[in-house]
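Every chain is numbered from 1 and lettered A, B, ... according to where its sequence line falls, protein lines coming before strand lines.
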Protein chains: 2
Amino acid sequence: MTEHRQATVFDVAKEAGVSTATVSNVLNRRNVPLTEETIRKVEEAAAKLGYRRNVMAASLSRRRTYEFGLLLPGFGGYYGLFAQQMERTAHAYGYHLSVFSTDLDSQIEKRLLEKLLERRVDGLFCHGLAMSHDSVRRMVGDGTPILFFNCWNELKELAIGTVNLNVYQACVDAVLHLRAQGCRSFYYYGHRRAHATDEQRKAGFREGLRLLGDTYPFDMIDAGDIAPEKLPGWLAERSEGTEPAGVICFDDWKAFVCMNRLIEQGYPVPDRFKIVGINNEFIAEHSYPGMTTFNIPYEHQADISFRWMLTHLGEQAKLKTKGDAQPVRLPEPGGEVKIPLALVERLSSAKRN
Amino acid sequence: MTEHRQATVFDVAKEAGVSTATVSNVLNRRNVPLTEETIRKVEEAAAKLGYRRNVMAASLSRRRTYEFGLLLPGFGGYYGLFAQQMERTAHAYGYHLSVFSTDLDSQIEKRLLEKLLERRVDGLFCHGLAMSHDSVRRMVGDGTPILFFNCWNELKELAIGTVNLNVYQACVDAVLHLRAQGCRSFYYYGHRRAHATDEQRKAGFREGLRLLGDTYPFDMIDAGDIAPEKLPGWLAERSEGTEPAGVICFDDWKAFVCMNRLIEQGYPVPDRFKIVGINNEFIAEHSYPGMTTFNIPYEHQADISFRWMLTHLGEQAKLKTKGDAQPVRLPEPGGEVKIPLALVERLSSAKRN
DNA sequence: TTGTACGCGTTATCAG
DNA sequence: CTGATAACGCGTACAA
């Protein structure tokens with residue numbers, strides 16, 4: 001509490017009897033030659049004074065912050081886990097990550113983006129931007145590189161790249177899986193507020209049905225258009241005579257709502273309805289019945305993103321390939337990487353026995 | 001991409017035909033008197049050049065970062081929601097919040113704490129420190145104020161204050177509630193890895209039983225000591241003859257596991273077992289049966305914390321009381337605020353009908 | 001191998 | 001009301 005100005009390189013230099021440049025050299029372990037003796041002296045002095053470098057001064061001087069920004073709609077479920085992994089990966093590459101939640105409000109999003117740029121972040125990761133093309137373009141007019149997640153619209157062109165979960169393929173797979181499990185009609189329970197990522201699912205859902213020869217009844221419904229309690233009735237009514245019916249849900253949370261309301265109203269899962277979610281969250285594994293879903297390779301997703309960003313920044317040095325990871329081939333700037341999701345089979349879509 | 005050095009106050013000053021000092025004055029809306037004309041000129045110039053102030057330079061000069069750090073064990077469930085609210089509140093008070101996840105690893109925690117101090121954060125919020133007293137004391141030897149969440153041990157003395165969820169009282173209430181619903185034996189399903197906050201629950205659980213006259217059978221079990229599949233057997237065995245039995249769980253996730261395994265193995269909830277969780281998460285509301293739990297007043301919790309921190313920093317100015325919020329009386333430095341949790345009754349603890 | 005001196009972009013302090 | 005100018009703490013050519 002002793003308003004004791006923090007020690008600076010200058011203090012350390014004086015204490016060690018060397019110059020500030022030497023202190024900086026020692027502490028940053030660079031390629032300049034240094035005497036063992038000098039190193040020891042400096043390190044001792046630093047430890048003694050409790051020296052801690054000032055990131056702001058360093059960043060200012062170096063014209064590089066080693067900070068990235070991450071914009072998310074929120075921290076619940078998938079996003080929380082995603083943020084946690086991104087942070088881990090950021091630290092592994094020696095970066096700081098500032099995570100902001102937009103609450104799906106484009107005003108807030110705009111302000112946060114501005115904040116991030118004021119901090120001179122070296123790069124930006126954005127997940128689910130709600131704001132306009134122009135707005136983004138203007139803000140990023142300077143050279144701050146952006147990388148998008150789950151973006152399928154024209155905003156992609158502003159980015160150095162886009163990393164998309166392949167939910168389209170997941171939904172195709174889901175339809176085929178449900179058919180294989182015996183389903184004779186198919187439904188998609190969506191979440192329109194999620195915009196493009198919901199569209200992708202729908203497209204995959206339709207493609208799956210096409211692959212089945214367009215011979216099965218199907219329909220789609222949005223969470224915004226029906227109260228959870230009404231969902232079972234809606235599903236039961238139109239699937240009558242084509243049981244069992246398969247329901248593909250936007251994500252595990254929607255699947256959870258769907259499944260529990262069905263059970264509550266006396267429709268057995270998986271006998272009458274089979275359910276598939278996406279995300280493989282805690283609830284999918286521990287619910288009863290266990291929930292069939294798709295696993296998201298968070299670590300891979302994050303690693304790809306950082307490699308891409310760092311490559312763009314010319315940070316070859318930091319890209320020490322961890323032995324096991326195959327040196328991923330990144331697409332051209334502005335391209336897209338599709339992350340495949342893996343089906344996790346559980347009881348909610350089991351065959352009738 | 002035109003490596004166009006960002007515009008600086010200097011550029012704006014030149015463009016507007018004034019000095020850098022004037023630019024700074026205009027852009028920071030301070031108390032110095034300014035001509036309308038000057039203001040207009042500066043603002044126009046700034047807009048034209050796309051000027052964006054450099055936070056690092058400002059912080060360096062001002063010797064104040066307007067940044068807080070938040071250390072969490074992770075982003076899942078409660079922590080994710082908590083982080084989101086803390087960030088919202090931080091922005092509302094004009095601060096930046098750097099959120100880090102320690103993954104419950106004290107090595108990582110140490111490194112992150114160091115990082116935060118290197119950034120010269122104005123204050124630190126820590127939720128669930130696993131590291132040692134000494135370690136913290138040394139790192140915080142300088143005057144960075146710390147505020148703890150859910151801390152009941154001697155570390156409290158290092159902090160300017162502690163904000164604790166009153167899980168003790170919640171567990172007392174839970175026991176009484178379960179008794180009122182007809183339970184004749186009581187069990188606590190804990191999570192030892194959570195240290196102190198688990199102990200608090202246990203203490204509350206015992207106190208509840210004491211209030212009931214210590215006349216009912218009870219027992220405690222830890223998630224670390226029993227596989228989920230074994231839990232129903234364990235509970236059934238010792239509650240035989242004292243049905244219905246009440247199970248108080250560490251949180252909604254544990255409650256979820258418990259409830260679903262019970263149902264899976266044919267024990268009806270709430271008829272044979274009644275379940276209570278803590279947190280009132282998404283799953284509590286949407287599971288079937290709906291889960292009785294305790295609601296956490298995130299916003300209140302965050303607001304108290306920031307008021308406390310800002311008061312400590314002498315930021316009276318920013319503490320514009322939002323009309324509705326009663327001006328909370330903060331305890332003395334080093335004291336503790338207990339946040340009460342509110343019981344949310346649902347089907348999982350309903351009376352036998 | 002080490003030291004000097006300047007740049008980084010703002011804010012604060014005065015004197016005008 | 002406005003303008004020089006000195007911090008702020010660190011990185012880094014370049015000179016020694």
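Note: A:Phe100 and B:His91 have perpendicular aromatic rings, judged against thresholds of 30 and 60 degrees for the angle between ring planes. The aromatic rings of B:Phe306 and B:Phe125 lie tilted to each other, with the angle between the two planes from 30° to 60°. Aromatic ring orientation, A:Tyr95 versus A:Phe68: parallel (interplanar angle below 30°, classes split at 30° and 60°).
The shortest distance between the side-chain N/O atoms of A:Ser24 and the OP1/OP2 oxygens of D:dG11 is below 4.0 Å. For C:dT2, one of the phosphate oxygens OP1 or OP2 lies less than 4.0 angstrom from a side-chain nitrogen or oxygen of A:Thr35. Checking the phosphate oxygens (OP1, OP2) of C:dT10, a side-chain nitrogen or oxygen of B:Tyr51 falls inside 4.0 Å. Look at B:Asn28 and you'll find a side-chain N or O under 4.0 angstrom from OP1 or OP2 of C:dT11. At the phosphate of D:dG9, OP1 or OP2 sits under 4.0 Å from a side-chain N or O atom of B:Arg63.
Rounded to a whole Å, the CG atom of A:Asn25 is 10 Å from the P atom of D:dG11. If you take CG of B:Asp11 and P of C:dC8, they are 11 Å apart, rounded to a whole angstrom. Remark: P of D:dA7 and CE of A:Met56 are 19 Å apart, rounded to the nearest angstrom. The interatomic distance linking A:Phe10 (CZ) with D:dC8 (P) rounds to 11 Å, in whole Å. What separates CG of B:Leu27 from P of C:dT10 is a distance of 9 Å, to the nearest Å. When rounded to the nearest whole Å, the span between CZ of A:Arg64 and C1' of D:dC10 equals 17 Å. In this structure, CZ of A:Arg62 is placed 11 Å from C1' of D:dT12, rounded to the nearest angstrom. Regarding A:Asn54, its CG atom lies at a distance of 16 Å from the P atom of C:dG9, rounded to whole Å.
Over its length, the helix from C:dT1-D:dA16 to C:dG16-D:dC1 turns its helix axis by 40°, as judged from the five terminal pairs at each end, rounded to 10°.
The side chain of A:Ala58 lies closest to D:dG11 when the candidates are D:dG11, D:dG9, C:dT2. Among C:dT2, C:dA5, D:dG3, the nucleotide with an atom closest to any side-chain atom of B:Val18 is D:dG3. The side chain of A:Ala21 has D:dA13 as its nearest neighbour among D:dG9, C:dT1, D:dA13. Of the candidate nucleotides C:dG3, D:dT2, C:dT10, C:dG3 has the atom nearest to the side chain of A:Thr22. Each of C:dA12, D:dC8, D:dC10 was ranked by its minimum atom distance to the side chain of A:Arg53; first place goes to D:dC10. The nucleotide whose nearest atom lies closest to any side-chain atom of B:Ser19 is, among C:dT10, D:dG9, D:dG3, D:dG3. Nearest nucleotide to the B:Ser61 side chain, out of D:dA7, C:dG3, D:dT12: D:dA7. In this structure, of D:dG9, D:dT5, C:dT4, it is D:dG9 that holds the atom nearest to the side chain of A:Leu60.
Looking only at distances, no side-chain donor or acceptor of A:Asp303 sits under 3.5 Å from a matching main-chain atom of A:Glu299.
Residue B:Thr38 is in sugar-phosphate contact alone, with no base atom involved, counting any heavy-atom pair closer than 4.0 Å across all strands shown. As judged by a 4.0 angstrom heavy-atom cut-off over every strand, B:Arg52 is placed among residues touching the sugar-phosphate backbone only.
The environment of A:Glu36 atom CD is sparse: at most 12 non-hydrogen atoms of other residues, nucleotides or ligands sit within 6.0 angstrom.
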Would you tabulate the pairs of protein nitrogen or oxygen atoms and nucleotide nitrogen or oxygen atoms of nucleotides 14-16 of chain C closer than 3.5 angstrom?
none

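With B:Leu72 as the partner, the side chain to side chain contact (heavy atoms under 4.5 Å, CB included) test is satisfied by one option alone out of B:Thr102, B:Leu112, B:Val99: B:Val99. When each of A:Gln301, A:Glu336, A:Lys156 is checked for a side-chain hydrogen bond (donor to acceptor under 3.5 Å, both in side chains) with A:Asn164, only A:Glu336 meets the rule. Each of A:Phe148, A:Phe75, A:Tyr79 was evaluated against A:His127; a single residue qualifies, A:Tyr79, per the ring pair (Phe, Tyr, Trp, His ring centres under 6.0 Å) test.
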Check your understanding: Between B:Val136 and B:Ile146, is a side chain to side chain contact (heavy atoms under 4.5 Å, CB included) present by the stated rule, with each step listed?
Key -> CA-CA 10 Å; B:Val136 177; B:Ile146 293 203; 4.3 Å; yes
For B:Ile39 and B:Glu43, run side chain to side chain contact (heavy atoms under 4.5 Å, CB included): C-alpha distance rounded to whole Å, both residues' side-chain angles, the deciding distance at 0.1 Å, then the answer.
CA-CA 6 Å; B:Ile39 295 180; B:Glu43 283 181 340; 3.8 Å; yes
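Ionic pairing of A:Lys41 and A:Glu44 is not present here: no N-O contact between side-chain nitrogen and carboxylate oxygen is shorter than 4.0 angstrom.
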